[in-house]
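What follows is a single structure, written as structure tokens, with notes after it.
We count residues from 1, following the sequence as given.
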Amino acid sequence: LASQPDALVEYDLAIAALDIREGDEAAAAERLDKVIAAHKGTEGGGKAAMERAKIHIRNEEYAAADALLDELLRVDPKNAAALTLRASRYLVVDDNERAIRDLRTALDVAPDDVQIMMMLASAYERDGSRELALERMAAAVQRSEFEPSIVLRYTQALVEAQKIDVAESLLMDAIKRQGDRRELLVSLAQIKLRQQQWRAAEQVAQRLRALDPEDEAAARIEAGAALGQRNFSQSADILEGLVTKGKDGDAGMISLVRALLAGGDVDRAVNFLDQRLVENPEDVTALVLRASILSGRGELELAEEDLQRAIELEPDNAAAYASLARIYNSMGRTDEMSAALEKGVAMNDDDIALRLTQAMQEEYAGDFDEAIEIYAELYRERPNSAVVANNFASLLADHRADDPEQVQRAFNIAKRFRDSKQPHLMDTYGWLLHLTGASADALPIVRAAAEGLPTNPLVQYHLGVVLAAN
């Protein structure tokens with residue numbers, strides 16, 4: 001190896017990759033730094049710089065990452081990999097405009113790269129340019145020859161944009177090209193259910209059964225079609241069949257109980273859960289579901305008992321902690337609510353819903369610094385979540401308004417809501433327009449938000465301030 005420098009570099013890169021997989025990032029960083037120093041300006045040194053920059057980005061060492069990437073791009077301004085990586089770093093801190101600029105340059109260099117197309121689409125989405133995002137996704141679908149994962153991502157974006165008919169046509173075209181792929185058929189059935197095309201959804205379920213007669217998704221689609229036609233008993237019977245056969249796991253039981261409750265058959269739902277618990281007293285999902293029904297009936301103490309038992313049996317069950325916290329909140333036992341959330345998060349630090357509940361509780365309690373800290377971490381993990389993005393941007397706008405850098409970041413996050421018709425999202429975007437000096441542009445948006453939320457005092461306050469500014 002010593003006589004073959006290129007082979008030695010590849011060996012070092014492979015060892016660094018192995019160190020990272022085994023969790024020894026420090027060893028990987030040290031090895032990569034040595035390669036960069038010894039092979040600066042070479043192809044191997046460039047590869048090491050890219051890997052080292054990735055480590056810097058993961059550790060939020062952006063200045064160090066920028067130094068490496070800027071040097072690579074000084075040598076080769078058309079280095080698509082370096083441009084793409086730098087764009088990912090910009091997206092982490094919501095610098096959407098610079099990310100878009102780098103990705104467009106990278107796409108000029110590599111016009112057939114589907115991953116760059118999809119990354120550019122995501123950047124456009126986050127910058128509020130929905131139509132440009134959809135255009136990039138459409139191009140990626142064509143370039144990938146209707147690769148299912150790309151098709152499904154584009155379908156999701158079309159549904160969010162209320163372009164249901166286009167999403168349906170896309171899926172039907174993809175199925176013609178790809179054949180009856182299960183994931184495409186399931187997505188098409190969901191579209192049919194959304195459009196209340198019950199018979200068409202059932203026909204898709206039949207195609208799924210042709211692939212696998214025991215397909216649980218086909219049964220769920222048939223149950224959904226029956227539920228949509230208000231055939232509550234039929235829907236429940238289908239789902240109960242799945243549960244009885246041991247199919248679909250806890251998801252089947254949850255769907256069954258929801259179907260029974262939707263049909264107003266609360267007694268059947270309770271009887272079903274009671275029987276499940278007779279057969280298996282340690283069925284944690286049944287305990288949590290029964291607690292939910294009991295809570296709805298106002299039987300809070302009995303619900304609390306079920307949830308405490310569920311946690312005793314399964315100490316890391318996030319749903320049980322979340323339900324217990326809601327019950328304590330209803331009972332006015334706020335200290336116990338906070339303790340339940342804190343313990344739940346400690347046992348499930350990767351559960352987004354539980355941490356989101358904790359952040360909201362901190363916000364309601366007036367501990368805005370703690371809420372912002374939780375939302376900041378959630379946003380790092382889920383930057384495309386509309387709920388997380390809106391709540392984080394809104395808190396920054398209302399409680400960091402004296403910090404221009406934080407306000408600008410909040411505005412960059414909220415740009416994705418510029419075409420939204422949801423009042424809460426409109427209020428966030430409109431208020432941040434005002435805070436960044438565009439009060440005239442903000443007025444119609446905040447006014448529409450206030451009309452949609454006439455009893456929300458904060459939204460009405462925002463309207464008053466923006467009216468005064470105009």
Side-chain angles (χ1 to χ4, degrees), residues 114 118 121 125 130 133-135 137-263 265 269 272 384 386:
V114 172
M118 293 302 291
E125 278 186 317
R130 175 175 280 172
L134 293 177
E135 286 177 15
M137 289 185 201
V141 166
Q142 294 292 335
R143 187 65 64 185
S144 71
E145 298 182 344
F146 287 76
E147 200 281 318
S149 66
I150 305 290
V151 170
L152 293 175
R153 177 67 186 89
Y154 185 28
T155 299
Q156 178 187 357
L158 288 167
V159 170
E160 290 171 356
Q162 301 299 311
K163 297 187 177 187
I164 309 299
D165 292 341
V166 180
E168 181 183 11
S169 297
L170 167 68
L171 286 167
M172 293 177 70
D173 197 6
I175 289 167
K176 285 179 184 177
R177 294 166 182 263
Q178 295 282 344
D180 278 0
R181 295 281 293 265
R182 183 180 185 274
E183 63 268 42
L184 296 176
L185 288 172
V186 170
S187 185
L188 179 60
Q190 291 168 345
I191 295 286
K192 297 294 187 184
L193 291 173
R194 190 184 186 99
Q195 294 176 310
Q196 300 184 12
Q197 296 178 8
W198 315 122
R199 179 57 187 151
E202 291 168 346
Q203 290 171 346
V204 176
Q206 290 170 8
R207 293 169 71 175
L208 284 166
R209 289 198 184 281
L211 297 175
D212 177 4
E214 299 298 320
D215 194 316
E216 296 93 339
R220 289 197 301 273
I221 291 162
E222 290 164 346
L227 188 63
Q229 297 171 83
R230 303 188 68 77
N231 294 327
F232 301 114
S233 180
Q234 180 186 348
S235 177
D237 288 344
I238 294 170
L239 294 169
E240 189 167 7
L242 281 178
V243 175
T244 301
K245 293 176 185 177
K247 302 278 187 181
D248 221 19
D250 290 343
M253 192 193 316
I254 294 167
S255 297
L256 169 59
V257 171
R258 285 177 177 169
L260 290 169
L261 295 177
D265 201 345
F272 167 76
N384 295 321

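- Taking CG of Asp265 as the start and CZ of Phe232 as the end, the distance is 10.5 Å to the nearest 0.5 Å.
- Residues Leu158 and Ile164 fail the side-chain proximity criterion, which asks for heavy atoms closer than 4.5 Å.
- Counting heavy atoms from C-beta outward, Met137 and Arg153 have side chains that approach closer than 4.5 Å.
- Arg130 places none of its side-chain heavy atoms less than 4.5 Å from the side chain of Lys163.
- Between Arg143 and Ile150 there is no side-chain heavy-atom pair separated by less than 4.5 Å.
- The minimum heavy-atom distance between Ser187 and Leu171, with the atom names listed, is OG-CD1, 3.5 Å.
- One finds the NZ atom of Lys176 at 14.0 Å from the CG atom of Leu184 (value rounded to the nearest 0.5 Å).
- Enclosure of atom CZ in Arg258 is not indicated, since only 12 or fewer non-hydrogen atoms of other residues, nucleotides or ligands lie within 6.0 angstrom.
- Residue Val141 comes nearest to Tyr154 through the heavy atom pair CG2-CD2, 3.7 Å, listed as atom of the first residue, atom of the second, then distance.
- Heavy-atom minimum distance, Ala133 versus Ala121: CB-O, 3.3 Å.
- Distance alone, capped at 3.5 Å, places no donor-acceptor pair between the Gln142 side chain and the Ala138 backbone.
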side-chain contact (heavy atoms from CB on, under 4.5 Å) assessment of Asn384 paired with Glu125: CA-CA 9 Å; Asn384 295 321; Glu125 278 186 317; 5.5 Å; no
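- Looking at every heavy atom in both residues, Glu147 comes nearest to Gln178 through N-NE2, 4.1 Å.
- Taking 4.5 Å as the limit, every side-chain heavy atom of Val186 sits out of range of all side-chain heavy atoms of Val204.
- Of the inter-residue distances, the one linking Leu239 atom CG with Glu222 atom CD reads 10.5 Å to the nearest 0.5 angstrom.
- For the pair Leu152/Gln156, no side-chain contact is recorded, criterion being any heavy-atom separation below 4.5 Å from C-beta on.
- Proximity of Phe272 to Leu256: side-chain heavy atoms (C-beta onward) are separated by under 4.5 Å at one or more points.
- Taking CE of Met118 as the start and OG of Ser144 as the end, the distance is 8.5 Å to the nearest 0.5 Å.
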Return all side-chain donor-acceptor pairs below 3.5 angstrom for residues 190-200, not counting sequence neighbours, or 'none' if the list is empty.
{"from": "Lys192", "atom 1": "NZ", "to": "Glu168", "atom 2": "OE2", "distance (Å)": "2.2"}
{"from": "Lys192", "atom 1": "NZ", "to": "Gln197", "atom 2": "OE1", "distance (Å)": "3.3"}
{"from": "Gln195", "atom 1": "OE1", "to": "Gln197", "atom 2": "NE2", "distance (Å)": "3.3"}
{"from": "Gln195", "atom 1": "NE2", "to": "Asp165", "atom 2": "OD1", "distance (Å)": "3.2"}
{"from": "Gln195", "atom 1": "NE2", "to": "Glu168", "atom 2": "OE1", "distance (Å)": "3.3"}

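- Contact check on Asp212 versus Arg182 returns no salt bridge, with no Lys/Arg side-chain nitrogen under 4.0 Å from an Asp/Glu carboxylate oxygen.
- The line from CD1 of Ile238 to CG of Leu227 is 10.0 Å long, rounded to the nearest 0.5 Å.
- A 4.5 Å side-chain heavy-atom check between Leu211 and Leu185 finds at least one atom pair inside the cut-off.
- When the salt bridge (Lys or Arg N to Asp or Glu O under 4.0 Å) test is applied to Glu160, no partner is found at least two apart in sequence or on another chain.
- Residues Ala189 and Ala201 share a closest heavy-atom pair of O-CB, 4.2 Å.
- With hydrogens and angles disregarded, a donor-acceptor distance shorter than 3.5 Å links the side chain of Thr155 to the backbone of Val151.
- Residue Asp180 holds its CG atom at 8.0 Å from CG of Leu208, rounded to the nearest 0.5 Å.
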